[in-house]
Amino acid sequence: QVQLVESGGGLVQAGGSLRLSCAASGRTFSRLSMGWFRQAPGKEREFVGSINWSGGSTYYTDSVKGRFTISRDGAKNTVYLQMNSLKAEDTAVYYCAAGYILGTSKYERAYDYWGQGTQVTVSS
């Protein structure tokens, strides 16, 4: 079993930055591909980006490319989402997800474990 705990959310002005963290329990972190998803009020949850088990491959949705960066630290069992140049439309609850995936995936069904989410609010 893997437990995921997100942190780092908050309120930031447009143009600012935030870094989200997702700490994973268990001893299988090195085998897990990790994803970030978000859900804005009144909208369905959507894919943000993902990183494969080795950290050698990342994939982002078009709306965040060039602004968001995903990285992972195996020593800390933690994955990060660095968000720069934030926009009001980035406001959402951000979720971390983990799955035993060959590569990366933008599909929720590929992920077996989910965190509780952390709120990010960008004021314009």
Side-chain angles (χ1 to χ4, degrees):
Q1 195 65 269
V2 175
Q3 291 186 325
L4 304 174
V5 179
E6 300 101 333
S7 61
L11 174 64
V12 63
Q13 289 188 333
S17 298
L18 276 177
R19 189 178 78 158
L20 305 184
S21 300
C22 174
S25 67
R27 289 179 283 184
T28 62
F29 181 75
S30 62
R31 294 164 47 201
L32 291 165
S33 290
M34 307 295 292
W36 286 96
F37 292 77
R38 66 186 180 186
Q39 187 168 22
K43 295 187 177 181
E44 293 187 352
R45 189 158 57 186
E46 65 172 358
F47 171 76
V48 174
S50 59
I51 187 167
N52 74 334
W53 63 271
S54 70
S57 177
T58 54
Y59 177 59
Y60 302 94
T61 193
D62 286 346
S63 63
V64 308
K65 282 181 182 176
R67 301 189 298 123
F68 290 11
T69 303
I70 297 175
S71 61
R72 63 190 296 159
D73 185 337
K76 296 182 179 180
N77 278 15
T78 299
V79 64
Y80 303 98
L81 178 66
Q82 177 67 45
M83 305 185 293
N84 299 328
S85 302
L86 282 161
K87 305 175 181 179
E89 50 263 43
D90 295 317
T91 295
V93 177
Y94 282 71
Y95 296 91
C96 170
Y100 297 102
I101 304 167
L102 187 63
T104 63
S105 177
K106 63 180 181 179
Y107 300 106
E108 291 189 31
R109 61 179 181 268
Y111 296 89
D112 303 298
Y113 307 101
W114 292 82
Q116 81 289 350
T118 186
Q119 176 70 48
V120 171
T121 303
V122 184
S123 63
S124 56

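From a predicted model like this one, the values you see are computed outputs, not experimental measurements.
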Just wondering, do [Y] and [X] contact through their side chains at under 4.5 Å, heavy atoms?
{"X": "M83", "Y": "L20", "value": "yes"}
{"X": "C96", "Y": "M34", "value": "yes"}
{"X": "V2", "Y": "Y100", "value": "yes"}
{"X": "I70", "Y": "V79", "value": "yes"}

I'd like to know if the side chain of [X] and the backbone of [Y] have a donor-acceptor N/O pair within less than 3.5 Å.
{"X": "S25", "Y": "Q3", "result": "yes"}
{"X": "S105", "Y": "A110", "result": "no"}
{"X": "T78", "Y": "A23", "result": "no"}

Among E46, K106, E44, E108, whose side chain to side chain contact (heavy atoms under 4.5 Å, CB included) with F37 holds?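 Testing F37 for a side chain to side chain contact (heavy atoms under 4.5 Å, CB included) against E46, K106, E44, E108 leaves exactly one candidate, E108.
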Can you confirm whether W114 is buried at CH2, in the sense that more than 12 heavy atoms of other residues, nucleotides or ligands lie under 6.0 Å from that atom? yes
Other residues, nucleotides, ligands: >12 heavy atoms within 6.0 Å of K76 NZ: no
Can you spot which of Q39, R38, E6 makes a side-chain hydrogen bond (donor to acceptor under 3.5 Å, both in side chains) with Y94?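 By the side-chain hydrogen bond (donor to acceptor under 3.5 Å, both in side chains) criterion, Y94 pairs with just one of Q39, R38, E6: R38.
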What distance do [X] atom [atom1] and [Y] atom [atom2] have between them, rounded to the nearest 0.5 Å?
{"X": "C22", "Y": "N77", "atom1": "SG", "atom2": "CG", "value": "10.0 Å"}
{"X": "Y111", "Y": "L32", "atom1": "OH", "atom2": "CG", "value": "10.5 Å"}
{"X": "L86", "Y": "S124", "atom1": "CG", "atom2": "OG", "value": "12.5 Å"}
{"X": "Q119", "Y": "T91", "atom1": "CD", "atom2": "OG1", "value": "7.5 Å"}

Linking I/L/V/M/F/W/Y whenever their side-chain heavy atoms sit closer than 4.5 Å, directly or via other members, would [X] and [Y] fall into one cluster?
{"X": "Y95", "Y": "I101", "answer": "yes"}
{"X": "L4", "Y": "V120", "answer": "yes"}
{"X": "V64", "Y": "V93", "answer": "no"}

Determine, step by step, whether N84 and S17 satisfy the side chain to side chain donor-acceptor pair (under 3.5 Å) criterion, reporting the C-alpha distance in whole Å, the side-chain angles of both residues, the deciding distance to 0.1 Å, and the verdict. CA-CA 4 Å; N84 299 328; S17 298; 2.9 Å; yes
Less than 4.0 angstrom from a charged side-chain N to a carboxylate O is my criterion; do K87 and D90 meet it? no
So among F47, F68, W36, which one has a ring pair (Phe, Tyr, Trp, His ring centres under 6.0 Å) with Y59?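 The ring pair (Phe, Tyr, Trp, His ring centres under 6.0 Å) with Y59 is passed solely by F47 among F47, F68, W36.
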When you measure from the centre of the six-membered ring of Y60, is the NZ or CZ of R67 under 6.0 Å away and within 45° of the axis? no
Smallest separation among heavy atoms of G103 and S33, with atom names: O-OG, 2.7 Å
Contact summary for N52 and R72, nearest pair of heavy atoms: O-NH1, 2.7 Å
